[in-house]
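Single-structure report; data block below.
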Amino acid sequence: MEARIITLPGDYIGPEIMREAVKVLKRVAQKYGHSFTFEERLLGGASIDAYGVPLTDETLAACNAADAVLMGSVGGPKWDNVPAAVRPEKGLLAIRKGMQVYANLRPCRIHPQLAGACPLRPDIIREPIDIMILRELTGDIYFGKRSRSEDRTQATDEMAYSVAEVERLARIGFEMAKKRRGKLCSVDKANVLECSRLWRETVQRLSAEYPEVEVSYMYVDNAAMQLILRPSQFDVIITGNLFGDILSDESAAIAGSLGMMPSASLGDGTRGLYEPIHGSAPDIAGKDIANPLGTILSGALLLRHSLGLEQEAAAIEKAVSEVLDAGFRTPDIYSEGKEKVGCIRMGDLVAERI
Ligand code: NAD
């Protein structure tokens, strides 16, 4: 098949990890007879330096015209003092909103080879942990009105959700649960927040259409605790933007390394935005020690969800697993007795195994 992929390497380690992901995708194209074209664009600090804004209209238009978008990571100390309106992270919010990708998928799986990196006790992770966190991405308090009183001593951020926003996210969750282990947990704060009550009512109403899915409801404070006490109880979790932001980072910590975790952001249709969940890691940039696996695995999600290439996606995931089995580790996941490799070598090792 032919596909046009926009790459947005971003800042600091962004370009390093992106090079490895593109290397692996090119190898997939070669092996399976596809033609992928890659078009690189600027986002975040790199775009601020070149154009004065973190995301240009042209770049957004190019992303919306492509089959899929693969992103590295943005931001860093170089742009800490630019005005809030043009901060690199604004580019992230703008591209998510501009591409209308409202569903953020974050798989949380413990690679058995990295169980030692999981901070939970071995008896807690004896049962397999395979959670799909589905976070709403274009609504909630992150996109509500914000204000500060004239004397600057009081601040307000508005949280808002509509039935339509909850419904479209929940439907993806129900469909996913059907294809997985048939369990869906909806996380909210319905004992306090009106937005959460609307969220819960909407999910309850939809659940009648999915009798094969077992639905549970959990307050976010309890969910944060249950993820640590008994993570194996979860299959698909659906939640709003704010709660999802926090719970998905917690799940990343459970999985062991930030550098390993991919994510996909989907909207209607097949176009999607794919990125590792970590930031631009300014402390390790330019040293060839960043872990490219989160970005490489995001490439696998891109093949699966935007291009419908399941076999090829699985080939990348298998190659990553084999490289870990063979004992290769970037410094962030290194443990004694393993072979330490850099970012470029890690990319080569995965590509060789496709
Ligand atoms: P970070 O994720 O960049 O780094 C946290 C720690 O994890 C650091 O010690 C870093 O070295 C390490 N780390 C992260 N990714 C790694 C990888 N692939 N391999 C090995 N180690 C890795 O978070 P931070 O330090 O809080 O943020 C740095 C910058 O990134 C900030 O400007 C922040 O706003 C931005 N950020 C961007 C995104 C994004 O682009 N989606 C997400 C989070 C943070």
Side-chain angles (χ1 to χ4, degrees), residues 7-21 24 41-49 54-55 59 63 69-82 84 86-97 99 101 104-106 111 114 117 119 135 137-138 142 241 244-246 248-253 255-265 272-299 301 320 323-324 328-335 338 340-347 350:
T7 61
L8 303 168
D11 308 315
Y12 290 97
I13 64 165
E16 301 172 43
I17 53 179
M18 181 62 75
R19 269 192 292 276
E20 301 317 308
V24 171
R41 298 270 176 160
L42 302 180
L43 180 75
S47 178
I48 294 174
D49 287 351
L55 171 69
T59 296
C63 292
V69 179
L70 185 63
M71 198 168 91
S73 49
V74 301
K78 184 172 177 207
W79 303 280
D80 274 352
N81 297 316
V82 300
V86 293
R87 279 185 66 91
E89 294 77 5
K90 277 269 171 187
L92 268 185
L93 296 184
I95 195 165
R96 290 168 181 166
K97 194 84 178 173
M99 287 183 69
V101 284
N104 183 232
L105 274 63
R106 289 214 191 169
H111 293 262
L114 299 180
R135 162 189 171 194
L137 204 58
T138 55
Y142 291 0
N241 204 346
D245 192 359
I246 298 165
S248 55
D249 267 23
E250 186 186 351
S251 74
S257 169
L258 214 52
M260 296 290 305
M261 304 281 290
S263 81
S265 301
L273 174 66
Y274 300 85
E275 55 181 306
I277 70 155
H278 58 75
S280 61
D283 52 330
I284 60 166
K287 298 179 180 162
D288 188 33
I289 54 173
N291 185 345
L293 294 178
T295 318
I296 289 172
L297 290 168
S298 298
L301 295 182
V320 168
V323 168
L324 295 173
F328 297 106
R329 302 282 189 272
T330 43
D332 57 312
I333 50 173
Y334 176 77
S335 57
K338 304 298 178 192
K340 209 181 268 184
V341 296
C343 180
I344 297 173
R345 176 107 169 90
M346 187 53 109
V350 176

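Along the sequence shown, the residues carry numbers beginning at 1. Remember, it's 1-based here, ligands and their atoms both numbered in the order they're listed.
- Once rounded to the nearest 0.5 Å, the distance linking SG of C343 with CZ of R19 reads 8.0 Å.
- Annotation: the span from D332 atom CG to N291 atom CG amounts to 4.0 Å, rounded to 0.5 Å.
- N241 meets the side-chain contact (heavy atoms from CB on, under 4.5 Å) test with R135, E136, L137, D140, Y142, F143, Y161; sequence neighbours excluded.
- For the pair L273/C63, no side-chain contact is recorded, criterion being any heavy-atom separation below 4.5 Å from C-beta on.
- Contact shell of ligand 1 (protein heavy atoms, cutoff 4.0 Å): I13, S73, V74, G75, G76, E89, L92, L258, G259, E275, H278, G279, S280, A281, P282, D283, I284, A290, N291, D332.
- Between D11 and K78 no salt bridge is recorded (no basic side-chain N to carboxylate O distance below 4.0 Å).
- Side chain of E16 to backbone of G286: a donor-acceptor contact under 3.5 angstrom is found.
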